[in-house]
Asker: 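Below is the structure I would like to discuss, written out as structure tokens.
In this chain, residues are counted from 1 in sequence order.
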Amino acid sequence: MCALTDPLNHWLSARKHPSLVITLILRYDIRVERKGAFVCIADGMRSGLPHGYFDIVFSIYGVGWTTDLDKTILLISEYLKPGGRVIFAWDNPLMQCITSQKEQYVLTRSYVAEEDILFCNNSEVCRQHNWKLSTYLNCLADHGFLIERVVEESSYDEGEAAVFREGQYYSADRARLINPSFIVKARKC
């Protein structure tokens with residue numbers, strides 16, 4: 001059985017490029033079968049699902065929204081069978097630390113501080129915690145996962161990359177300098 005930790009319509013409408021994530025998953029032989037049950041579980045909530053039931057938990061741009069990474073990874077571990085896998089993609093944590101100013105990119109926030117970031121989306125104030133990549137990996141290891149693969153790769157159009165996009169979070173010129181996302185595949189031991 002499979003569990004999808006974020007709504008299917010969310011990942012299909014994401015501003016990111018889910019087709020690129022799927023391409024990278026296939027390129028790096030991260031196998032995902034699309035049959036089975038798809039379940040949406042709210043952040044850190046117990047769902048009543050049986051423990052040790054799922055073969056795979058697959059999340060594209062969902063895990064990073066959690067307010068409690070340790071609890072989320074613990075729940076994923078509880079729902080997976082021994083040998084089950086978690087695959088998730090999220091923004092490169094450095095993306096939150098770099099802004100575009102006067103036709104250059106500037107480090108404006110600490111990467112190592114792992115701060116909460118407040119921002120507005122459709123007039124709503126949102127909060128996101130910016131964990132380092134090592135925090136994700138160490139949290140998985142702390143909950144009995146073996147990291148099988150980490151993918152950090154950018155794909156962009158060279159012509160678009162030559163054009164600086166002031167204030168644009170996702171852009172080809174930015175992707176040329178830093179991979180905008182990462183993918184992790186880990187197995188529950």
Side-chain angles (χ1 to χ4, degrees), residues 4-28 30 32 40 42-44 58-70 72-73 86-140 147 149-186:
L4 182 68
T5 62
D6 38 306
L8 186 59
N9 64 349
H10 171 72
W11 84 233
L12 289 175
S13 64
R15 293 181 319 189
K16 285 71 165 173
H17 301 284
S19 60
L20 172 61
V21 173
I22 298 299
T23 301
L24 291 172
I25 286 169
L26 294 173
R27 180 181 306 156
Y28 289 97
I30 301 173
V32 177
C40 178
D43 183 22
F58 184 69
S59 174
I60 298 179
Y61 303 107
V63 170
W65 286 111
T66 185
T67 56
D68 188 340
L69 184 62
D70 189 65
T72 298
I73 299 300
V86 58
I87 300 169
F88 68 91
W90 186 246
D91 278 352
N92 182 332
L94 281 170
M95 290 283 287
Q96 293 287 350
C97 303
I98 297 172
T99 58
S100 55
Q101 298 176 1
K102 299 178 184 173
E103 298 196 23
Q104 62 182 347
Y105 290 102
V106 179
L107 188 65
T108 55
R109 179 179 282 128
S110 172
Y111 173 75
V112 297
E114 297 189 318
E115 302 169 318
D116 280 345
I117 298 167
L118 298 176
F119 60 95
C120 289
N121 185 18
N122 296 325
S123 301
E124 296 287 326
V125 176
C126 300
R127 177 180 157 254
Q128 177 186 359
H129 195 86
N130 195 41
W131 286 287
K132 297 180 292 191
L133 179 57
S134 63
T135 300
Y136 288 102
L137 301 178
N138 290 330
C139 189
L140 287 163
I147 309 302
R149 172 89 51 194
V150 176
V151 178
E152 295 182 286
E153 189 171 310
S154 292
S155 179
Y156 55 88
D157 178 272
E158 286 290 339
E160 286 185 34
V163 179
F164 184 79
R165 307 270 188 229
E166 184 78 35
Q168 191 170 345
Y169 189 74
Y170 299 106
S171 65
D173 63 312
R174 195 174 201 171
R176 178 182 56 185
L177 300 173
I178 180 174
N179 56 296
S181 60
F182 66 89
I183 302 168
V184 175
K185 176 186 177 188

Asker: Identify, with sequence neighbours excluded, every residue that meets side chain to side chain donor-acceptor pair (under 3.5 Å) alongside N138.
Answerer: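 For N138, no residue satisfies side chain to side chain donor-acceptor pair (under 3.5 Å) once neighbours in sequence are set aside.
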Asker: Just wondering, do P180 and N92 contact through their side chains at under 4.5 Å, heavy atoms?
Answerer: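 N92 vs P180: side chains apart.
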Asker: Rounded to the nearest 0.5 Å, what separates atom SG in C139 from atom CD1 in I73?
Answerer: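 Going from the SG atom of C139 to the CD1 atom of I73 covers 5.0 Å.
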Asker: Can you list every pair that meets salt bridge (charged side-chain N to carboxylate O under 4.0 Å, His left out) and has a residue in residues 169-178, with sequence neighbours left out?
Answerer: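 Salt bridge (charged side-chain N to carboxylate O under 4.0 Å, His left out) check on residues 169-178 returns no pairs.
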Asker: Report the C-alpha separation of Y170 and M95 in whole Å, then their side-chain angles, then the decisive distance to 0.1 Å, and conclude whether the side chain to side chain contact (heavy atoms under 4.5 Å, CB included) test is met.
Answerer: CA-CA 9 Å; Y170 299 106; M95 290 283 287; 4.0 Å; yes
Asker: Can you list the residues that meet the side-chain contact (heavy atoms from CB on, under 4.5 Å) rule with T108, with sequence neighbours excluded?
Answerer: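 Listed in chain order: T99, Q101, V106.
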Asker: Below 30° counts as parallel, above 60° as perpendicular, anything between as tilted: where do the rings of Y136 and F88 land?
Answerer: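 Ring orientation of Y136 relative to F88: tilted.
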Asker: Do you know the tightest heavy-atom contact between P93 and L133?
Answerer: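 Scanning both residues, the minimum pair turns out to be CG-N, 3.6 Å.
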Asker: Please name all residues satisfying ring pair (Phe, Tyr, Trp, His ring centres under 6.0 Å) with Y111, sequence neighbours left out, ordered by chain then number.
Answerer: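 Y111: no ring pair (Phe, Tyr, Trp, His ring centres under 6.0 Å) contacts found.
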Asker: Should V150 and I183 count as side-chain neighbours, where that means a heavy-atom distance under 4.5 Å?
Answerer: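 In short, these two side chains do not touch, never coming nearer than 4.5 Å.
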Asker: Yes or no on side chain to side chain donor-acceptor pair (under 3.5 Å) for D91 and Y61, after CA distance, side-chain angles and deciding distance?
Answerer: CA-CA 7 Å; D91 278 352; Y61 303 107; 5.1 Å; no
Asker: E114: which residues meet the side-chain contact (heavy atoms from CB on, under 4.5 Å) condition with it, sequence neighbours left out?
Answerer: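 Counting only residues at least two positions away or on another chain, E114 forms a side-chain contact (heavy atoms from CB on, under 4.5 Å) with H129, W131, K132, T135.
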Asker: Should V63 and L69 count as side-chain neighbours, where that means a heavy-atom distance under 4.5 Å?
Answerer: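 A side-chain contact exists here, since the closest heavy-atom pair is under 4.5 Å.
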Asker: To the nearest 0.5 angstrom, please state how far the CG atom of L94 sits from the CD atom of E152.
Answerer: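 Answer rounded to 0.5 Å: 9.0 Å.
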Asker: State which residues pass side-chain contact (heavy atoms from CB on, under 4.5 Å) with Q168; sequence neighbours excluded, sorted by chain then number.
Answerer: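 For Q168 the side-chain contact (heavy atoms from CB on, under 4.5 Å) partners, ignoring immediate neighbours, are R165, S171.
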Asker: For R109, what residues pass the side-chain contact (heavy atoms from CB on, under 4.5 Å) criterion, not counting sequence neighbours?
Answerer: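 Applying side-chain contact (heavy atoms from CB on, under 4.5 Å) to R109 gives Q96, C97, E115, I117.
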Asker: A side-chain contact here means heavy atoms from C-beta on lying under 4.5 Å apart; do F119 and R127 qualify?
Answerer: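 In short, these two side chains do not touch, never coming nearer than 4.5 Å.
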Asker: So how far is it from W90 CH2 to S59 OG, rounded to the nearest 0.5 Å?
Answerer: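 Reported value, rounded in 0.5 Å steps: 8.5 Å.
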Asker: Which is it for D116 and Q128 under the side chain to side chain contact (heavy atoms under 4.5 Å, CB included) test, yes or no, and what are the steps along the way?
Answerer: CA-CA 6 Å; D116 280 345; Q128 177 186 359; over 6 Å; no
